[in-house]
Amino acid sequence: MKSNLKNKVIAITGTTGGLGKALSLELEKRGAKLALMDFDVEQVNKQASELNALGLEVDITDYESIKKAMAKVNDHYGQIDIVIANAGITQMAPMTTTDERDFSRVIDINLNGSWRTFKAALSYIEESKGYLAAICSMASFVHCPLQASYAASKAGMLAVCNSIRLEVKHLGVDVGSYHPTFFPSPLMDNVTSDPVGHKLWGGNKEGPWKMITVEEVVDEILNGLEDRAELVVIPKRKTLVAKASGFFRRYIEKRGFKGNEVQEAIELAKSLSN
């Protein structure tokens, strides 16, 4: 049974990014009461003003920051019904040139930051018998080369969702993970303009790496929020690949990375880092 999102209090992290903006806009159209959280205080306040929402400066690498923000949301609206852990970054580099600090930063934002978001919100979500949602990625299942930190963070967040779902079920709380493939966003603009990303995924124009529209991603996320879904793969046609990723992994690797593309991408990354 679908749940109407009208008047639901929804807290979202990373709202000034491409997906965050598009999702927040559609949620506002559906009558949700929004709490927009981002580290860019100027942009999030501007966004909040445009959407008649609560805007909060949040550093998801700092648990006290996100904890205080969730308390402000609860004080402002009187409850929190849905939390969407959306903030994330990526990095493209082979292990040979990756700095440990860069690797750790991706993990800390994408994985630890999402866990902090859930933890800070749990007491309020428990009270409302609400829903925790994490924007993961197809990278949770398909682990591309030169993206070890990103793949690890997204696969790790899927594991977090699956684990804590069992912890909070008796509280009436549901947990969902969302796994879109490539779609247009500022993050993807950086990927497609990067010669290393272009070498790996061919501009994301065809085959298993072909981009879908952000509208398709937002529509499927909204459907999942209404259903309080456990797992949403976007597009749906890739659900089998996601659920049986281990079985299909070698096929995808052979189809997605032909010839010496991976080696060439590594050498290109090395040359650009010098």
Side-chain angles (χ1 to χ4, degrees), residues 13-14 17 19-20 60-61 83-96 98-119 132-168 174-183 185 187-188 190-191 196-197 200-201 204 208-209 211-212 217 220-221 224 229-257 262 265-266:
T13 63
L19 179 58
I60 63 170
T61 67
V83 168
I84 305 173
N86 170 66
I89 61 171
T90 190
Q91 180 196 26
M92 286 183 301
M95 181 182 285
T96 53
T98 298
D99 185 274
E100 187 274 336
R101 291 168 296 183
D102 293 335
F103 185 96
S104 296
R105 181 169 179 265
V106 175
I107 299 294
D108 198 32
I109 291 174
N110 295 4
L111 176 56
N112 300 344
S114 296
W115 179 87
R116 292 183 191 105
T117 301
F118 279 6
K119 180 175 173 62
L132 299 170
I135 306 301
C136 297
S137 167
M138 279 297 290
S140 300
F141 313 105
V142 180
H143 308 140
C144 292
L146 284 78
Q147 274 204 313
S149 57
Y150 187 75
S153 68
K154 296 303 184 179
M157 197 55 208
L158 170 60
V160 166
C161 289
N162 289 338
S163 179
I164 65 172
R165 183 179 297 116
L166 302 176
E167 298 179 26
V168 301
D174 292 318
V175 180
S177 62
Y178 291 74
H179 305 269
T181 188
F182 297 97
F183 61 91
S185 69
L187 184 149
M188 274 306 300
N190 292 334
V191 170
V196 177
L200 278 176
W201 298 303
N204 301 93
W209 317 131
M211 279 198 280
I212 60 176
V217 175
E220 291 300 328
I221 292 174
E230 287 190 5
L231 184 143
V232 176
V233 177
I234 311 168
K236 290 180 180 178
R237 64 180 178 272
K238 294 194 175 185
T239 300
L240 180 60
V241 173
K243 291 187 174 181
S245 57
F247 180 81
F248 287 103
R249 178 174 57 83
R250 292 190 181 279
Y251 167 75
I252 293 170
E253 289 172 352
K254 287 181 180 179
R255 186 175 177 217
F257 304 111
V262 174
I266 291 171

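If you read the sequence from its start, that first residue is 1, and numbering goes on from there. Reckoned from all heavy atoms, side chains included, excluding hydrogens, waters and symmetry mates.
Residue pairs that meet the salt bridge (charged side-chain N to carboxylate O under 4.0 Å, His left out) test with at least one member in residues 149-168, sequence neighbours left out, do not exist here. Residues in residues 104-115 take part in these salt bridge (charged side-chain N to carboxylate O under 4.0 Å, His left out) pairs, two or more places apart or across chains: D108-R116.
Not counting sequence neighbours, the partners of F182 by the ring-ring contact (aromatic ring centres under 6.0 Å, His included) test are W201. For T117, the side-chain contact (heavy atoms from CB on, under 4.5 Å) partners are T13, I60, I66, M70, V83, A85, not counting sequence neighbours. Residues passing the side-chain hydrogen bond (donor to acceptor under 3.5 Å, both in side chains) test with N110 are S153, sequence neighbours excluded. Not counting sequence neighbours, the partners of S177 by the side-chain contact (heavy atoms from CB on, under 4.5 Å) test are C136, L158, C161, H179, L231. R101 is linked by a side-chain hydrogen bond (donor to acceptor under 3.5 Å, both in side chains) to D99, counting only residues two or more places apart in sequence or in another chain. Every side-chain hydrogen bond (donor to acceptor under 3.5 Å, both in side chains) that T90 has, sequence neighbours left out, goes to Q147. Residues satisfying the side-chain contact (heavy atoms from CB on, under 4.5 Å) criterion with S104, sequence neighbours excluded, are E100. Residues forming a side-chain contact (heavy atoms from CB on, under 4.5 Å) with A133 (at least two apart in sequence, or on another chain): I84, Y131, Y178, L225.
Under the 4.5 Å side-chain criterion, counting only non-hydrogen atoms from C-beta, Q91 is in contact with T98. For the pair I234/T181, no side-chain contact is recorded, criterion being any heavy-atom separation below 4.5 Å from C-beta on. Inter-residue side-chain proximity for L111 and V160 is flagged as met; some heavy-atom pair is nearer than 4.5 Å. Taking the side chain as every heavy atom from C-beta outward, I89 and Y150 never approach each other to under 4.5 Å. Using a 4.5 Å cut-off on side-chain heavy atoms (C-beta onward), N112 and T61 make no contact.
In this structure, CG in L132 is found 11.0 Å from OG in S114, a value given to the nearest 0.5 Å. Here the NZ-CD distance, from K236 to E220, works out to 4.5 Å after rounding to the nearest 0.5 Å.
Listed here is the closest heavy atom pair of A265 and L146: O-CD2, 4.0 Å. Across every non-hydrogen atom of P180 and V217, the tightest pair is CB-CG1, 4.0 Å. What you find for V232 and G224 is that their closest heavy atoms are CG2-CA, 4.1 Å.
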Please determine whether side chain to side chain contact (heavy atoms under 4.5 Å, CB included) holds for the pair L19 and I135, giving the CA-CA distance in whole Å, both sets of side-chain angles, and the decisive distance to 0.1 Å. CA-CA 10 Å; L19 179 58; I135 306 301; 3.8 Å; yes
